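We number each residue from 1, following the sequence as shown. Atoms considered below: every heavy atom in the structure, side chains included; atoms not considered: hydrogens, waters and symmetry mates. Because the structure is a prediction, the values reported are computed rather than measured.
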Amino acid sequence: MYVYLLIIILFPPMRGYIFIRHGESNINVEKVLSDDVDHNTLTDTGEKQAERTGEQLTGLKFDGIISSPIKRAYDTANIISNYVGLDVKIDDRLREVYLGNANGHNINEFLDTLYPNSHITGKVRDSLGMETWEHLQERVKACMDEYKGKYIFVSHSDPIRAIASYYMGLSEGESFGMAIKNASMTVIARSPLKLLSLGAINLDDKIKSIFS
Ligand SMILES: O=C(O)[C@@H](CO)OP(=O)(O)O
């Protein structure tokens, strides 16, 4: 018994997380930011993207599929759930960054007027009443800390960029150019910690072996 416990302590079981950004949504086409839960749908392209990502995951084994409650992500998760045979569980910690006064607006309205040649940094977030980058990182990490196993997390661009930059040791500004494509897969292993893919649309065999 004690030997078993020692082995578990010394060699904790591998945990793996496949973060998937939802498929293309109408707001992505319109370049509008939205943290509304029930509106914005997937476009036909977004549905096809979700199907394709689901195909990539067919045959892999997971302990669960956890989704943002926001429709574009939840609909993506339900499409993917058909390929992995799991019911979707909603977790608010995977939702889009709280946008404050930026909600419903085009991102460029702020960058061009408020802060020319800038990007969404702490002062921009504060001035718009947005969730801080640090809080976003903390809530996504708390979600990972709760689900100790191999999971699919369906979320949004900023939450995925936030957790990837957290593990890469990059600030919000330093990771601003990180483009997380629709329906792409960002894979993080824990124990040992490793960022295995960033915005990938295919999974290589090395990654698939973790989830087999
Ligand atoms: O990147 C965006 O345009 C925002 C929209 O709020 O995030 P996502 O599309 O990932 O939900």
For the residue pair [X] and [Y], establish whether any side-chain heavy-atom pair is separated by less than 4.5 Å.
{"X": "Asp35", "Y": "Val97", "result": "no"}
{"X": "Glu131", "Y": "Arg139", "result": "yes"}
{"X": "Ser197", "Y": "Ile207", "result": "yes"}
{"X": "Ile152", "Y": "Ile66", "result": "no"}
{"X": "Ile210", "Y": "Leu60", "result": "no"}
{"X": "Leu136", "Y": "Pro159", "result": "yes"}
{"X": "Leu196", "Y": "Leu203", "result": "no"}
{"X": "Glu96", "Y": "Asn103", "result": "no"}

Would [X] and [Y] count as having a side-chain donor-acceptor pair, cut-off 3.5 Å?
{"X": "Lys141", "Y": "Tyr167", "result": "no"}
{"X": "Ser34", "Y": "Asn40", "result": "yes"}
{"X": "Asp91", "Y": "Tyr147", "result": "yes"}
{"X": "Glu174", "Y": "Ser171", "result": "yes"}

So which atom in [X] and which in [Y] form the shortest heavy-atom distance, rounded to 0.1 Å?
{"X": "Ile160", "Y": "Ser155", "value": "CG1-CB, 4.2 Å"}
{"X": "Gln137", "Y": "Ala162", "value": "NE2-O, 3.0 Å"}
{"X": "Ile65", "Y": "Ala77", "value": "CD1-O, 3.5 Å"}
{"X": "Asn28", "Y": "Gly23", "value": "OD1-O, 4.0 Å"}
{"X": "Val88", "Y": "Ser67", "value": "CG1-CB, 3.6 Å"}

So how far is it from [X] [atom1] to [Y] [atom2], rounded to the nearest 0.5 Å?
{"X": "Asp205", "Y": "Ser212", "atom1": "CG", "atom2": "OG", "result": "10.0 Å"}
{"X": "Arg93", "Y": "Glu138", "atom1": "CZ", "atom2": "CD", "result": "12.5 Å"}
{"X": "Thr53", "Y": "Ile80", "atom1": "OG1", "atom2": "CD1", "result": "5.5 Å"}
{"X": "Leu57", "Y": "Asn82", "atom1": "CG", "atom2": "CG", "result": "12.5 Å"}
{"X": "Ile20", "Y": "Ile201", "atom1": "CD1", "atom2": "CD1", "result": "13.0 Å"}
{"X": "Met168", "Y": "Leu198", "atom1": "CE", "atom2": "CG", "result": "5.5 Å"}

Ile163 and Ile188: side-chain contact (heavy atoms from CB on, under 4.5 Å), yes or no, with the steps? CA-CA 9 Å; Ile163 196 67; Ile188 299 175; 4.0 Å; yes
Residues Ile180, Thr186; criterion side-chain contact (heavy atoms from CB on, under 4.5 Å); working and verdict: CA-CA 8 Å; Ile180 308 292; Thr186 296; 4.1 Å; yes
Go through it in stages, so that I can follow the logic: the residues are Trp133 and Ser175, the test is side-chain contact (heavy atoms from CB on, under 4.5 Å), and I'd like the CA-CA distance, side-chain angles, deciding distance and then a yes or no. CA-CA 11 Å; Trp133 189 251; Ser175 70; 3.9 Å; yes
salt_bridge(Asp158, Arg161) N-O dist < 4.0 Å: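 Salt bridge: yes.
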State whether Lys48 and Glu24 are salt-bridged, where the test is any N-O pair (Lys NZ or Arg NE/NH1/NH2 against Asp/Glu carboxylate O) under 4.0 Å.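 Salt bridge between Lys48 and Glu24, a charged N being under 4.0 Å from a carboxylate O: no.
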Give me each pair satisfying ring-ring contact (aromatic ring centres under 6.0 Å, His included) with a member in residues 19-50, each pair once, sequence neighbours excluded.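 Of all non-adjacent pairs touching residues 19-50, those that pass ring-ring contact (aromatic ring centres under 6.0 Å, His included) are Phe19-Phe153, His22-His156.
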For residues 177-212, pull every pair meeting ring-ring contact (aromatic ring centres under 6.0 Å, His included), keeping only residues two or more places apart or in separate chains.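 Residue pairs passing ring-ring contact (aromatic ring centres under 6.0 Å, His included), neighbours aside: Phe62-Phe211.
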Looking at [X], I want to see if its [atom1] is surrounded by more than 12 non-hydrogen atoms of other residues, nucleotides or ligands under 6.0 Å.
{"X": "Tyr166", "atom1": "OH", "value": "no"}
{"X": "Lys181", "atom1": "NZ", "value": "no"}
{"X": "Asp145", "atom1": "CG", "value": "yes"}

Candidates Gln56, Lys208, Met185 - the one meeting side-chain contact (heavy atoms from CB on, under 4.5 Å) with Asn202: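 Result for side-chain contact (heavy atoms from CB on, under 4.5 Å) with Asn202: Gln56.
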Between Ser25 and Thr43, is the side-chain contact (heavy atoms from CB on, under 4.5 Å) condition met? List the steps. CA-CA 5 Å; Ser25 167; Thr43 62; 5.7 Å; no
For Tyr83, what residues pass the ring-ring contact (aromatic ring centres under 6.0 Å, His included) criterion, not counting sequence neighbours?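 Tyr83 satisfies ring-ring contact (aromatic ring centres under 6.0 Å, His included) with no other residue.
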Between [X] and [Y], is there a shared hydrophobic cluster once you connect ILVMFWY residues whose side-chain heavy atoms come closer than 4.5 Å?
{"X": "Tyr74", "Y": "Val84", "value": "yes"}
{"X": "Ile70", "Y": "Tyr98", "value": "no"}
{"X": "Leu86", "Y": "Ile18", "value": "yes"}

Return yes if some donor-acceptor pair links the side-chain N/O of Asp36 with the main-chain N/O of Asp38 below 3.5 Å, else return no.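 Answer holds: no.
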Within the side chain of Arg190, is there an N or O that forms a donor-acceptor pair under 3.5 Å with the backbone of Met144?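 No; zero donor-acceptor contacts below 3.5 Å.
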Other members of the hydrophobic cluster containing Ile27, with the 4.5 Å side-chain heavy-atom rule, please.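 Val32, which link up through side-chain heavy atoms under 4.5 Å apart, make up the rest of the cluster.
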Under 4.5 Å side-chain heavy-atom separation, chaining through any Ile, Leu, Val, Met, Phe, Trp or Tyr, what else clusters with Val29? Say none if it is isolated.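 Val29 shares its hydrophobic cluster with no other residue.
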Hey, mind stepping through Asp92 and Arg95 against salt bridge (charged side-chain N to carboxylate O under 4.0 Å, His left out) and telling me if it holds? CA-CA 5 Å; Asp92 219 49; Arg95 67 182 302 149; 3.2 Å; yes
Inter- and intrachain pairs under salt bridge (Lys or Arg N to Asp or Glu O under 4.0 Å), touching residues 60-74, at least two apart: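 Of all non-adjacent pairs touching residues 60-74, those that pass salt bridge (Lys or Arg N to Asp or Glu O under 4.0 Å) are Lys71-Asp75.
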